[in-house]
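The structure under discussion appears below in the form of structure tokens.
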Amino acid sequence: MKNITVPELGESIIEGTITSWLVKEGENFKSGDNLAEIETEKITIEIPAQSSGKLTKIIAPVGATVNVGQSIAEITDEVIIDSAESKINQIKEKKETAKELKLPNKPDIIKKSENSPSSENSLKNFDIETANQNEKTIPMSKLRQTIARRLKDAQNTAAILTTFNEVDMSAIMSLRKKEQTSFKKKYGVKLGIMSFFVKACTDVLKEIPEINSEIYDNKIIYKNYFDIGIAIGSEKGLVVPIIRDAGNLSNSDIEKDILDLAQKANSNKLTMNDLSGGTFSITNGGIYGSMMSTPIINPPQSAILGMHSIIDRPIAVKKKIVIKPMMYIALSYDHRLIDGKQAVTFLVRLKELLENPVII
């Protein structure tokens, strides 16, 4: 008999929550199979089996808070399954499944529907029923708790101010249309707008180093590297994985990194290294239809850029009214470190670069 214990969860993380058991008590598993998932304040970690065996007892059920090194289940060593017995079990499972799929008599269905709440009020994965039949309570996930705490800490600590500008996206959209086919054929990824924003931001951050800095213990840390956080809304909540050394990357490198990080976020495969660090962040509310917002700083960073929807709007060009695809951009910044002049200059320079794009 052996115990399954909680592995190291990452730097400074000592506990997590069991979110699911992927193997049930009494079931066999093979080496490499994932046994359980543990959600921490930053990522979800899968626990793989080191060898084949059988899960004999679950010690920590779903929803339990567990610490690093804690025993969460008992297993037996190598289990050899007789092929004939395995086939019999499979046949039994199929028969049971068929039984479950058989519909009850029509009167039973009517009776059940009369005594049951409407499907509109029945939501999955709720743990606690309240006195009000239209309300149910669920525990807040570790990730959601961390998001709430960090965003509130940012508001309580930093003197956050937001300044706005707008960008004519005509040149970027025209360039993408012109180069898309050859770009995808050459690099295997689509040419999106994010790579233009990441590259333009790093260029301006080099010009205005305070925006790429942080306050620490009454000191200012100037960072001569550019690790850009890209906010991604996954099913479990907001995560901000990092594009490393963005200042030295090409458009194709950035597009590949963004695609890789998005896939990891949506499949709970992000690692601590993917989420650690970051000198500046970009969030794109435009993908959800946002026209304007005031993004919150991702501490200990000092600023964050907010992108928004591209909307055809009438603007004046050389004293004539024309329709252009326009985007509002917002820079939220820590006024303790960054002055209004620096913040406004950042957006003005960013606008200039985005309206005169190049592919590198």
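The basis for the numbers below is simple: all heavy atoms, side chains too, and nothing from hydrogens, waters or symmetry mates.
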Is there a donor-acceptor pair closer than 3.5 Å between any side-chain N or O of [X] and the backbone N or O of [Y]?
X: Asn356; Y: Glu352; value: yes
X: Thr279; Y: Asn212; value: no
X: Thr5; Y: Ser71; value: no
X: Asp253; Y: Ser250; value: yes
X: Gln301; Y: Ser281; value: yes
X: Asp245; Y: Tyr225; value: no
X: Ser174; Y: Ser170; value: no

Flag for [Y]-[X]: side-chain donor and acceptor within less than 3.5 Å:
X: Glu15; Y: Thr65; value: no
X: Glu39; Y: Thr17; value: no
X: Ser52; Y: Ser31; value: no

Item to check | side chain to side chain contact (heavy atoms under 4.5 Å, CB included) between Gln180 and Lys190, intermediate numbers included | outcome: CA-CA 7 Å; Gln180 189 67 267; Lys190 288 185 177 181; 3.8 Å; yes

Please determine whether residues [X] and [Y] belong to a single hydrophobic cluster, defined as Ile, Leu, Val, Met, Phe, Trp and Tyr linked transitively by side-chain heavy-atom distances below 4.5 Å.
X: Leu331; Y: Leu353; answer: yes
X: Tyr328; Y: Met169; answer: no
X: Phe164; Y: Leu161; answer: no
X: Leu22; Y: Val66; answer: no
X: Leu205; Y: Val240; answer: no

Search all heavy atoms of [X] against all heavy atoms of [Y] and return the closest pair with its distance.
X: Ile321; Y: Pro314; answer: CG2-CB, 3.9 Å
X: Thr202; Y: Ala246; answer: CG2-CB, 3.8 Å
X: Cys201; Y: Leu305; answer: SG-CD2, 3.7 Å
X: Ala154; Y: Ile296; answer: CB-CG2, 4.0 Å
X: Val198; Y: Ile228; answer: CG1-CG1, 4.3 Å
X: Thr76; Y: Met1; answer: CG2-SD, 4.2 Å

Taking side chain as C-beta onward, heavy atoms only, is [X] less than 4.5 Å from [Y]?
X: Ile75; Y: Phe29; value: yes
X: Ile282; Y: Met307; value: yes
X: Pro48; Y: Gln50; value: yes
X: Glu46; Y: Thr44; value: no
X: Leu261; Y: Ile230; value: no
X: Met326; Y: Asp168; value: yes
X: Arg349; Y: Ile208; value: no
X: Leu337; Y: Ser213; value: yes

Checklist entry - Going through the checks in order, is the salt bridge (Lys or Arg N to Asp or Glu O under 4.0 Å) test met by Arg336 and Asp334? => result CA-CA 5 Å; Arg336 297 176 303 165; Asp334 189 345; 2.7 Å; yes

Value rounded to 0.5 Å, distance of [atom1] in [X] from [atom2] in [Y]:
X: Tyr222; Y: Glu214; atom1: OH; atom2: CD; value: 12.0 Å
X: Asp274; Y: Ile232; atom1: CG; atom2: CD1; value: 9.5 Å
X: Leu191; Y: Glu255; atom1: CG; atom2: CD; value: 6.0 Å
X: Asn284; Y: Met327; atom1: CG; atom2: CE; value: 6.0 Å
X: Ile338; Y: Thr163; atom1: CD1; atom2: OG1; value: 11.5 Å
X: Phe280; Y: Ile297; atom1: CZ; atom2: CD1; value: 10.0 Å

Next on the checklist: Applying side chain to side chain contact (heavy atoms under 4.5 Å, CB included) to Lys206 and Phe226, what does each step give before you reach the verdict?
Outcome noted: CA-CA 9 Å; Lys206 292 174 185 177; Phe226 306 93; 3.2 Å; yes

Item to check | side chain to side chain contact (heavy atoms under 4.5 Å, CB included) evaluation trace for Ile72 with Ile47 | outcome: CA-CA 11 Å; Ile72 57 175; Ile47 302 180; 3.7 Å; yes

Does [X], at its [atom1] atom, have more than 12 non-hydrogen atoms belonging to other residues, nucleotides or ligands within less than 6.0 Å?
X: Asn224; atom1: CG; result: no
X: Glu8; atom1: CD; result: no
X: Asn218; atom1: CG; result: no

Item to check | Contacts of Phe197 that satisfy ring-ring contact (aromatic ring centres under 6.0 Å, His included) - sequence neighbours left out | outcome: none

Checklist entry - Taking it one step at a time, do Ser276 and Asn273 satisfy side-chain hydrogen bond (donor to acceptor under 3.5 Å, both in side chains)? => result CA-CA 5 Å; Ser276 300; Asn273 185 60; 5.9 Å; no

Next on the checklist: Going by salt bridge (charged side-chain N to carboxylate O under 4.0 Å, His left out), Glu166 matches just one of Arg313, Lys324, Lys351. Which one?
Outcome noted: Arg313

Checklist entry - What's the verdict on side chain to side chain contact (heavy atoms under 4.5 Å, CB included) for Ile315 and Val322, showing C-alpha distance, side-chain angles and the deciding distance? => result CA-CA 6 Å; Ile315 63 169; Val322 295; 4.2 Å; yes

Checklist entry - Is the His335 ring parallel, tilted or perpendicular to the Tyr333 ring (thresholds 30°, 60°)? => result perpendicular

